[in-house]
**Q** 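Below: one structure in structure tokens.
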Amino acid sequence: MKRLNIKWKIMLWHSLALLLIFIAVLPIMYLVISDHLYKGAETLLLSEAGKITGLLRLGEGMDEPNTGIDLIQTGTYIAVYSDANEIISGRLPEDFDPNAQPIFNDVHYEGFAEHKWMVLDRELIVHGKRTGWFRVVKPLDAISSALAYFKTMIYIATLIIICFSALMMISGGFITRALSPVKQITKTAQQIGQGNLSKRINFEGGHDEVGVLAATFDKMLDRLEDSFDREKRFSADVSHELRTPVTAIIVNAEEALVGDKTAEEYRENLKTILLEGKKMNSLISQLLMMARSIDGNYIQEMECIDLSALTQTIVEDVTERDENSGITISADIDSGIIMLFDQTLFMRLLYNLIDNALKYNVPSGWVKVSLKKQQSTVLLSVGDGGIGISEEDLPRIWNRFYKANQSTISSSPGLGLSIVRWIAEQFGGSVSVMSELGKGSLFEVRFEVK
Ligand code: ADP
């Protein structure tokens with residue numbers, strides 16, 4: 001069975017199901033019909049017996065019982081017995097035992113297999129005195145042979161129906177047609193195996209199970225192609241981002257190695273190499289996090305964190321680090337906000353937002369960090385009076401490697417905000433931004449506290 005193709009399997013199951021239906025239904029039909037026939041014969045026998053009783057009583061005593069020519073014509077035999085159990089009138093079928101013991105007033109059967117009789121014995125009471133009895137015998141050969149014939153017909157009909165329906169299914173191509181999308185799916189999957197992700201089944205044959213399967217397969221391919229494209233773009237973007245600092249390092253190292261240089265010139269080369277190395281380092285750690293966010297392999301280390309204290313520490317750290325930038329950093333933090341969080345991820349999220357606010361600021365600008373708890377919501381916001389973001393760029397800044405204001409800062413890789421959004425979503429949070437070119441921006445991250 002396992003090696004059969006699906007077409008033959010369906011056909012076999014179908015035939016088996018039909019056979020089971022016939023096996024269950026036909027015996028019931030047979031029983032109902034045979035019961036009906038026997039009951040009909042019994043009713044006839046009783047009515048004939050009634051008539052005979054009447055006829056026999058008509059003759060004032062037992063001398064000349066009228067055995068009723070009509071009854072014999074209908075195939076019913078009658079024999080009148082004396083009180084001493086001797087036949088005194090009428091006749092019985094040739095092979096019927098005339099001495100069979102009477103069972104009065106109860107329809108019973110004599111004979112065997114297909115050669116049976118329906119028998120009714122009745123006493124003859126004349127003027128209140130038993131004068132003998134009579135026996136009415138109805139051969140059942142006709143019913144038996146009709147039922148035997150019916151049985152044979154049932155067998156033949158069952159066989160014909162099963163063969164015919166199986167033939168119809170195969171030759172009419174019902175199964176083949178119903179399974180055609182499966183073939184298409186196989187063909188498409190084979191083509192995809194050869195590296196072509198743009199192939200689709202595009203099944204137009206309705207919405208049955210196979211149609212739904214084909215549509216689901218197409219949708220899966222859409223998603224697969226989309227993620228494959230994103231991976232391709234990601235690799236291309238990563239190579240592009242890494243090439244810039246690597247080129248700067250190589251150029252500076254080569255330059256330092258050519259000819260004699262003053263100590264100051266060597267220092268300049270080394271400074272650039274160090275700067276580019278640091279950029280690469282930060283880029284690589286962002287990329288690493290990005291890659292983990294893509295394949296879902298980041299293992300969170302959840303702990304109860306005092307977000308208020310941590311935010312305060314980060315603000316102080318950034319203020320110290322950028323004290324010469326001329327940008328004023330202020331904070332408005334509600335105390336005692338505790339949340340279950342991954343500390344590394346929270347720090348990354350906040351550093352990314354503050355770094356951006358500083359990076360895309362104006363000389364003597366300002367940055368404001370705020371952490372507030374409003375009922376069950378914790379709201380973290382980072383605002384700045386910097387260069388702002390154009391309306392056109394706003395919806396795209398969360399995308400990986402998207403850089404608005406490119407002309408301003410060319411070295412930023414465009415990963416910070418996509419990481420911010422990923423981290424927020426990891427903890428059931430949401431991100432939003434309001435910004436106006438030339439006026440500044442306000443980034444907000446909202447978390448629900450359970
Ligand atoms: P990156 O800063 O590395 O370029 P991000 O994903 O952090 O990447 O930001 C995407 C883009 O959004 C940036 O290129 C920048 O143009 C814009 N942006 C982000 N934060 C700000 C901000 N506070 N003010 C103005 N522009 C911003």
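Indexing begins at 1, ligand by ligand and atom by atom, following the structure's order.
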**Q** For ligand 1, is there an atom lying under 4.0 Å from some heavy atom of F443?
**A** yes
**Q** Salt bridge between R321 and D355, side-chain N to carboxylate O under 4.0 Å?
**A** yes
**Q** Go through ligand 1 atom by atom and flag the ones less than 4.0 Å from a non-hydrogen atom of L415.
**A** 3 (O), 6 (O), 8 (O)
**Q** Are more than 12 heavy atoms from other residues, nucleotides or ligands located less than 6.0 Å from atom NZ of K219?
**A** no
**Q** Any idea how F341 and F447 line up, ring-wise: parallel (<30°), tilted (30 to 60°), or perpendicular (>60°)?
**A** perpendicular
**Q** What distance do L371 atom CG and L310 atom CG have between them, rounded to the nearest 0.5 Å?
**A**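 Going from CG on L371 over to CG on L310, the span is 9.5 Å.
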**Q** Judging by distance only, is a nitrogen or oxygen of I389 under 3.5 angstrom from one on ligand 1?
**A** no
**Q** Check if K359 has a non-hydrogen atom at a distance under 4.0 Å from any atom of ligand 1.
**A**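 The answer is yes: ligand 1 sits under 4.0 Å from a heavy atom of K359.
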**Q** Heavy-atom distances under 4.0 Å decide this one: backbone, side chain, both or neither, for I397 against ligand 1?
**A** both
**Q** Heavy-atom contact under 4.0 Å between G414 and ligand 1?
**A**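 Yes, G414 has heavy atoms under 4.0 Å from ligand 1.
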**Q** Counting each atom of ligand 1 from 1 as listed, which ones have a heavy atom of L417 under 4.0 Å away?
**A**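 Here the atoms of ligand 1 in question are 5 (P), 6 (O), 7 (O), 9 (O), 12 (O), 19 (C).
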**Q** Identify, by atom number and element, the atoms of ligand 1 in contact range of K403, meaning under 4.0 Å from any of its heavy atoms.
**A**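 Answer, ordered by atom number: 14 (O).
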**Q** Distance from K199 atom NZ to D218 atom CG, nearest 0.5 Å?
**A** 11.5 Å
**Q** Taking only residues two or more places apart in sequence, or in another chain, which ones meet I33 in a side-chain contact (heavy atoms from CB on, under 4.5 Å)?
**A**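 I33: side-chain contact (heavy atoms from CB on, under 4.5 Å) contacts with L37, L147, F150.
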